Amino acid sequence: MIRYLIKNNIKLMARSKTNILLIVIAPLILIALLSSAFKDMMERYEGADVVAGYRVEGDVPDEMIEAFVDGANENGFTLREFASGDPEEIMKDNEIGGFVIFKEDSYKLYQSSDFKEEGKILEYFVNAFYENTAETALNMASGGIAGGADADSVSLKVEHPAYMKSIDSTDYYGIIEVVYFGWCAIVCGAGIFMSEKKYRIGKKYQVSNLNQFQLYLGKFIPIVIAVFLGIGLAGVLSVVLFGVHWGNILYSLVIMLFSIAAASAFGLMIYNIFDNMVVTIIGVFAAVWFAGFFGGSFETYMYSVHPIEVKQISPIYHINRALVELSCMGHSDYIGSALIYSAAIVVICSAIAVMAGTFRKRGKA
């Protein structure tokens, strides 16, 4: 019976070809737009024609400064140390984009109003430096851009970090936009939900021998299959049209499958709770937008200044980082967390969706 249900739901989804085409075409459009828009900034960072100044004030570990200087050199920054002087005057007189002051328990970052792009790149680099250091733990307070309020304390670990190799905007957005639209998987299930409402199929299910878990699988499996095929096609087209490099194909496929399964389970949970497609679309899109915002779907996660603790809340961040690092480095420490996070979402959201369906059935009985 469940095989028939899965087969029937796949047919219903196939009738709504527009929804499936949407997750194929939409990421390709955004790849073209965003990769072009951010190409200059990312190439500027990679080309590293950025000059910055710094100063050490107080008892700052030599290992930390060495790590900062080494990392900057690896990324092509030209660093100049100034023992004294007003940072804003130094930036103006020496035509540099930014200035960092390291203190015993804080740091402060200045940006030049004349070289805004270089200042922004320095801000990204300093943030990435603190995210990627590890070994000797320190507590440091991040004092934001000059004139801004101090941020909360963060844990700093010091070592000579291995920085991620450069990735161009086409490869980056060619990967993360496909991931982003994969999280809109519930759209592909609209054909199933609309048919249930139109023909009152739900009432027929109530007198069948199928339990709520089987009914759930009858929707979950077809949605995962349809979205995986659609997203897979988008991935292939990203390679053909834009030359996107996906890195390890096997790992990438497994990560994408888990990601789509998590997205499908999350969407079905929202639908089973509210039993309304409009509310479901709004709820899913809002959640995915926020997860994508902090996960690097719009601004590259390696240049983002959001705290790492906030980024790691987003499942999209783990998935994006795993796939991007596989593309540019061939390996990633985030593969495990991406798979575990996605699997946890599948289990939790599926359980809630089944319980919601059970309560609704009892209420209508």
Side-chain angles (χ1 to χ4, degrees), residues 6 9-35 170-195 218-242 244 246 249 252-271 277-293 295-298 314-320 322-324 327 338 342 345-346 349 353:
I6 292 173
N9 283 339
I10 289 176
K11 289 181 179 179
L12 289 175
M13 293 175 65
R15 294 176 184 175
S16 303
K17 296 181 178 62
T18 303
N19 295 332
I20 298 177
L21 286 175
L22 181 64
I23 64 172
V24 177
I25 297 174
L28 297 177
I29 295 174
L30 279 183
I31 290 169
L33 294 176
L34 293 178
S35 63
T170 300
D171 283 348
Y172 182 85
Y173 287 105
I175 292 171
I176 60 96
E177 292 307 326
V178 172
V179 173
Y180 182 80
F181 277 92
W183 272 83
C184 300
I186 198 64
V187 173
C188 291
I192 299 175
F193 307 133
M194 292 174 63
S195 295
K219 298 174 185 176
F220 174 76
I221 294 175
I223 292 175
V224 171
I225 292 174
V227 177
F228 186 69
L229 292 176
I231 287 298
L233 178 57
V236 171
L237 290 175
S238 73
V239 175
V240 174
L241 297 177
F242 305 108
V244 175
W246 278 85
I249 300 301
S252 296
L253 286 174
V254 172
I255 293 170
M256 285 302 306
L257 178 60
F258 273 64
S259 174
I260 290 168
S264 302
F266 176 72
L268 283 170
M269 178 190 71
I270 301 297
Y271 182 79
M277 193 60 198
V278 175
V279 174
T280 300
I281 293 294
I282 294 174
V284 169
F285 276 39
V288 171
W289 188 91
F290 277 104
F293 177 77
S297 297
F298 313 115
S314 168
I316 292 180
Y317 172 77
H318 294 263
I319 295 163
N320 282 346
L323 292 172
V324 169
S327 174
S342 297
I345 291 174
V346 171
C349 291

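Everything numeric here is computed off the predicted structure, so don't read it as measured data.
Put simply, the side chain of Thr18 does not reach to within 4.5 Å of the side chain of Leu22, judged on heavy atoms. Contact annotation: the side chain of Leu268 approaches that of Phe193 to within less than 4.5 Å [non-hydrogen atoms, C-beta and beyond].
Under the side-chain contact (heavy atoms from CB on, under 4.5 Å) criterion, Leu233 pairs with Val24, Leu237, sequence neighbours left out. Phe258 pairs by the side-chain contact (heavy atoms from CB on, under 4.5 Å) definition with Val254, Leu339, Ser342, Ala343, not counting sequence neighbours. Residues satisfying the side-chain contact (heavy atoms from CB on, under 4.5 Å) criterion with Ile176, sequence neighbours excluded, are Tyr172, Tyr173, Ser297, Asn320, Val324. Partners of Phe228 by ring pair (Phe, Tyr, Trp, His ring centres under 6.0 Å), not counting sequence neighbours: none found. Annotation: ring pair (Phe, Tyr, Trp, His ring centres under 6.0 Å) contacts of Phe285 (sequence neighbours excluded): none. With sequence neighbours excluded, the residues that form a side-chain contact (heavy atoms from CB on, under 4.5 Å) with Val278 are Asn276, Ile282. The ring pair (Phe, Tyr, Trp, His ring centres under 6.0 Å) test applied to Phe181 returns no partner, not counting sequence neighbours. Looking at residues two or more places apart in sequence or on another chain, you find no side chain to side chain donor-acceptor pair (under 3.5 Å) involving Thr280. Under the ring pair (Phe, Tyr, Trp, His ring centres under 6.0 Å) criterion, Phe266 pairs with no residue, sequence neighbours left out.
Within the structure, side chain to side chain donor-acceptor pair (under 3.5 Å) pairs that include any residue of residues 256-269 comprise Trp183-Ser259 (at least two apart or interchain).
The aromatic rings of Tyr180 and Phe298 stand perpendicular to each other, their planes meeting at an angle above 60°, with 30° marking the opposite boundary.
The nearest pair of heavy atoms linking Ala234 to Leu28 is O-CD2, 3.7 Å. Val239 and Trp246 make their closest contact through CG2-CD1, 3.6 Å (heavy atoms, listed as atom of the first residue, atom of the second, distance). Nearest heavy-atom pair, Gly267 versus Val284, reported as atom, atom and distance to 0.1 Å: CA-CG2, 3.9 Å. Summarising the geometry of Ala291 relative to Ile316, their closest heavy-atom pair is CB-CD1, 3.8 Å, with the distance given to 0.1 Å. The two residues Ile175 and Ser327 have their closest heavy-atom pair at CD1-CB, 3.6 Å. Pro222 approaches Ile10 most closely through the heavy-atom pair CB-CG1, 3.6 Å.
In this structure, Ile231 CD1 and Ile260 CD1 are separated by 5.5 Å, a value rounded to the nearest 0.5 Å. Rounding to the nearest 0.5 Å gives a distance of 8.0 Å between SG of Cys188 and CD1 of Ile223. Here the CE-CD1 distance, from Met256 to Ile249, works out to 12.0 Å after rounding to the nearest 0.5 Å. Atoms CD1 and CG, from Ile31 and Leu241 in turn, are 9.0 Å apart once rounded to the nearest 0.5 Å. Expressed to the nearest 0.5 Å, how far CG of Leu257 lies from CG of Leu253 amounts to 8.5 Å. In this structure, CD1 on Ile186 lies 5.5 Å from CE on Met277, to the nearest 0.5 angstrom.
Of the possible donor and acceptor atoms, none in the side chain of Asn9 sits under 3.5 Å from a partner among the backbone N and O of Ile192.
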